[in-house]
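Just so it is clear: chains get the letters A, B, ... in the order the sequence lines come, proteins before strands, and each one is counted from 1. These values consider heavy atoms only, across backbone and side chains, with no hydrogens, waters or symmetry-generated copies.
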Amino acid sequence: MKFTEEHEWLRADGDVVVVGITEHASEQLGDVVFVELPEVGTQVTKGDDIVVIESVKAASDILAPVDGEIIEINETLADDPGKVNSDPLGDAWFFKLKTSDPSQMDDYMDEDAYKEFIG
Amino acid sequence: MSDTLRRTPLHALHLELGAKMVPFAGYEMPVQYPLGVMKEHLHTRDEAGLFDVSHMGQLIVRAKDGYEAAARALEALVPVDLLGLGAGRQRYGVFTNEAGGILDDLMIAHRDDHLFVVVNAACKEADIAHMHAAMTGCAVEVITDRALLALQGPRAEAVLTKLVPEVAGMRFMDVAVLASDHGELWISRSGYTGEDGFEISVANDSAEAFARVLLAHDEVEPIGLGARDSLRLEAGLCLYGNDIDSATTPVEAGLAWAIQKVRRGGGARAGGFPGANVILEQLENGAPRRRVGLRPEGRAPMREGTELFDQAEGGASVGRVTSGAYGPTIGAPMSMGYVPSEMAETGTKLYGEVRGKRMPVNVAKMPFTPANFKR
């Protein structure tokens, strides 16, 4: 698993990357009340804002970690956004992305580096 | 955090309880405790929540000739019937400016021979200056040696009666000065959550011990500013600076109920407050715009600043959201904002522009949750 400085976790399986947010991020956000996901089929470029997470405090964005196409979204988050707090690393994945440039994954931190990053 | 931020007498207790502290109106205040905003909100509606509101301004206004003289002097600044306010009772009011706008909102209590006034933290210096300048002949004493706590929720009475049995006899908007193990308490049966509850002024050096005794009850959790905001919004209550300000009149803000008949056109003491010409005219003929409740059809909250439209595409903005959040008790997003009066009817369909997309939102009755006062 890889981690971004925006507190996303990325789990790669071949050229498919599953994306969610870390426990640290979910704690910082507070109770999540709404998640807006991109449409399946959307072509994204690394750094695009593609998910909006609204918590009781504020709205924040999730960025596309790599270039590619959204191939699946987690529809269950629409009815149960609280999963982002209760199971951020598991059930509350946001989307699956088929990347056109797997080498971009090399830009991200491994777990040890991420742990150090959040201190 | 900046050294210039002021601290309340409960600062150390907040840290001990694990609060996340933020700057608010010049004070370092708890925005949430480990329970989190959502659970703090729900706990207050189900049981009881304890809030530190010591940042608010507590003032005593006296006139040499007693209550009536002080009430008359303050009536020159607020469109409220204070001469008709019974001893031991409190009223909500607003300071107005010459344009009819709102300088601050406040609670005014009739205590024996004087007035006890509670004003917003962010406005208190300006309010005090305003009162000093206008209320010649009155002494305006700023109370700096007392903290202010709010105990809110359906279990508030059961908890507080264990410490101060007399509060059981108080009803909504009663005030009393009562003796306790923590010294003299200045209590009002009121609050900012839509729930039954009390605001309690306690000497600074007794405040922490008093708060600890309240928190020792299983029913009571400490509640931060985050839940305070969602609770007041569900209750349809205005936040000064967001929902009301110097450019909104009490009529536009839907606060005409706070202007008693005697201060309106044809009343015995009609007008006589700043901006009376504007406000009395609006009471008579209506205001061009109104504060309304808004319920988005979708799940995305429409937050402060969201522009409102009367059509799904094109056209100019017709209004703006002034407060918006997720309502934990209603389980849905909610907002309030200003719209033209002809669009203020409940059920009117509007569109709020969220991240560039117009999302449907309906004008809705407030409060969003029923008030639970002990009348």
Measuring only between side-chain heavy atoms, which start at C-beta, is B/Met38 closer than 4.5 Å to A/Asn85?
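They are not in contact (no side-chain heavy atoms under 4.5 Å apart), so the answer is no.
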
Can you find a heavy atom in the side chain of A/Phe34 that is under 4.5 Å from one in the side chain of B/Pro333?
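A/Phe34 does not reach B/Pro333 side chain to side chain.
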
Check this for me: [X], atom [atom1], are more than 12 non-hydrogen atoms of other residues, nucleotides or ligands nearer than 6.0 Å?
| X | atom1 | answer |
| --- | --- | --- |
| B/Glu297 | CD | yes |
| A/Asp106 | CG | yes |
| A/Lys98 | NZ | no |
| A/Asp13 | CG | no |
| B/Arg358 | CZ | yes |

Looking only at heavy atoms and a cut-off of under 4.5 Å, which of B/Ala325, B/Pro301, B/Gly327 has the most pairs with chain A?
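Greatest number of close heavy-atom pairs with chain A: B/Pro301.
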
Where does B/Ala300 contact chain A at under 4.5 Å (heavy atoms): side chain, backbone, both or neither?
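When you check distances to chain A, atoms from both the backbone and side chain of B/Ala300 fall under 4.5 Å.
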
What pair of heavy atoms forms the shortest contact from A/Ser55 to B/Arg303, and how long is it?
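Looks like O-NH2, 2.6 Å.
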
Please name the pair of heavy atoms, one in B/Gly36 and one in A/Asp31, separated by the smallest distance, quoted to 0.1 Å.
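Minimum heavy-atom contact is C-OD2, 4.2 Å.
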
So does B/Arg299 pair up with A/Glu36, basic N to acidic O under 4.0 Å?
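A salt bridge is absent here (no side-chain N lies under 4.0 Å from a carboxylate O).
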
In terms of heavy-atom proximity below 4.5 Å to chain B, should A/Ala59 be classed as side chain, backbone, both, or neither?
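Contact with chain B is through both the backbone and side chain of A/Ala59.
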
Which atoms of A/Val35 are under 4.5 Å from chain B, going by heavy atoms: the side chain, the backbone, both sets, or neither?
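Neither part, no heavy atoms under 4.5 Å.
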
